[in-house]
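Here's the structure we're looking at; comments come further down.
Just so it is clear, the values below take in all heavy atoms, side chains as well, and ignore hydrogens, waters and symmetry mates.
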Amino acid sequence: MKRIMLTVAYDGTNYHGWQIQKNGETIEGVLNRCLSELLQENIEVIGASRTDSGVHALGNVAVFDTNSRIPAEKFPYALNARLPEDIKVRCAREVAPDFHPRHCESRKTYEYRIYNAPFPMPVKRLYSYFSYTPYDIEKMREAAAYFVGTHDFHSFCSADAQVESTVRQVDEVTIEKKDEEIIIRVTGRGFLYNMVRIMAGTLMEVGRGHRMPENIPEILEAKDRSAAGTTAPACGLTLIKIQYEV
């Protein structure tokens with residue numbers, strides 16, 4: 001028995017998130033089905049990030065155990081021939097039998113994209129949130145700086161999430177304007193349910209002048225979901241990469 005780690009990219013538009021659901025197709029479900037058919041074994045992958053419905057990924061990570069003699073580096077070729085066009089394996093390698101993608105120390109990087117122009121752009125609609133409102137980028141950067149460090153992010157967690165602790169470490173938040181796109185890039189050691197989307201929604205409110213940058217510490221201190229901004233739509237969010245420290 002060996003454990004294989006896959007780096008998976010996907011367009012989440014047509015899926016009900018990563019985790020298997022009763023009400024529709026998911027990334028995890030497709031991977032399980034295609035791997036089981038390929039290997040003639042009952043395969044159940046373990047994902048590093050259980051992304052929400054409509055969220056995309058360039059580098060999510062999943063592991064599975066198999067008795068197959070297929071070399072790890074050959075799995076992308078064998079598996080991509082079976083996967084749909086909107087899910088592909090970018091690379092694969094063998095890892096230690098006890099490696100768990102959610103329990104090992106890692107840094108995750110997400111990007112939230114806002115298409116900021118007078119009118120929508122059809123080819124951007126699936127991968128960014130459209131807004132014609134002007135944004136003060138410098139104010140958004142000032143606000144974003146307050147997120148860096150170890151804080152209780154209870155105010156930036158979906159109210160129905162069940163977790164032991166809402167304390168998380170954010171290593172970096174950058175905001176960049178490229179032509180008609182605003183890109184919010186967040187790197188941290190772990191994220192709560194909807195945390196990045198709520199951070200993005202709150203930063204957008206700062207950019208529109210509805211909040212001030214110095215309100216962020218007050219929102220963190222409140223430990224109340226209603227104190228933060230709206231949850232930004234899923235289509236703008238992409239998991240860029242996961243870096244492991246082992």
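- Atom CG of residue L220 and atom CG of residue N215 lie 11.0 Å apart, to the nearest 0.5 angstrom.
- With contacts defined as side-chain heavy-atom distances shorter than 4.5 Å, the pair I114/S128 does not qualify.
- At least one side-chain heavy atom of V170 sits under 4.5 Å from a side-chain heavy atom of V186.
- Summarising the geometry, atom CD1 belonging to I198 is positioned 6.0 Å from atom OG belonging to S158; distances are rounded to the nearest 0.5 Å.
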Under 3.5 Å, which donor-acceptor pairs link side chains of residues 72-82 to any protein atom two or more places apart or in another chain?
| residue | atom | partner | partner atom | Å |
| --- | --- | --- | --- | --- |
| N80 | OD1 | V89 | N | 2.8 |
| N80 | ND2 | P76 | O | 3.1 |
| N80 | ND2 | V89 | O | 3.0 |

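- In summary, E138 and R141 engage in a salt bridge, as defined by a charged side-chain N under 4.0 Å from a carboxylate O.
- The line from OG1 of T230 to NE2 of H210 is 10.5 Å long, rounded to the nearest 0.5 Å.
- In the model, R225 has a side-chain atom that pairs as donor or acceptor with a side-chain atom of T231 under 3.5 Å.
- Residues in residues 155-208 take part in these ring-ring contact (aromatic ring centres under 6.0 Å, His included) pairs, two or more places apart or across chains: Y110-F191, F147-F156.
- Counting heavy atoms from C-beta on, the side chains of H154 and L192 never come closer than 4.5 Å.
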Practice task
Run the numbers on R33 and E25 for salt bridge (Lys or Arg N to Asp or Glu O under 4.0 Å), then give the verdict.
Solution key: CA-CA 11 Å; R33 186 167 62 248; E25 190 74 282; 2.9 Å; yes

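- Under the rule for a side-chain hydrogen bond (donor to acceptor under 3.5 Å, both in side chains), the partners of R3 that lie at least two apart in sequence or sit in another chain are D65.
- Side-chain contact check for M204 versus Y129: some heavy-atom pair is nearer than 4.5 Å.
- Annotation: side chain of F64 is in contact with side chain of L39 (closest heavy-atom distance under 4.5 Å).
- Heavy-atom contacts from other residues, nucleotides or ligands closer than 6.0 Å to CD of E214 number more than 12.
- Counting non-hydrogen atoms of other residues, nucleotides and ligands closer than 6.0 Å to CZ of R102 gives a total above 12.
- I183 has its side chain out of reach of Y112: every pair of non-hydrogen atoms, C-beta onward, lies at least 4.5 Å apart.
- Enclosure of atom NZ in K124 is not indicated, since only 12 or fewer non-hydrogen atoms of other residues, nucleotides or ligands lie within 6.0 angstrom.
- Taking the six-membered ring where the residue is Trp, Y115 and F130 present tilted rings, their angle falling between 30° and 60°.
- By the 6.0 Å contact criterion, NZ on K2 is enclosed, its count of non-hydrogen atoms from other residues, nucleotides or ligands being greater than 12.
- Between V8 and L31, some side-chain heavy-atom pair lies under the 4.5 Å cut-off.
- Judged by distance alone, the side chains of T66 and E41 do bring a donor and an acceptor atom under 3.5 Å apart.
- Counting only N and O atoms by type, the side chains of D86 and Y15 include a donor and acceptor under 3.5 Å apart.
- Checked by atom type, the side-chain pair Y127/R113 shows no donor-acceptor distance below 3.5 Å.
- Between N60 and S49, the side chains place no donor N or O within less than 3.5 Å of an acceptor N or O (distance only, hydrogens not considered).
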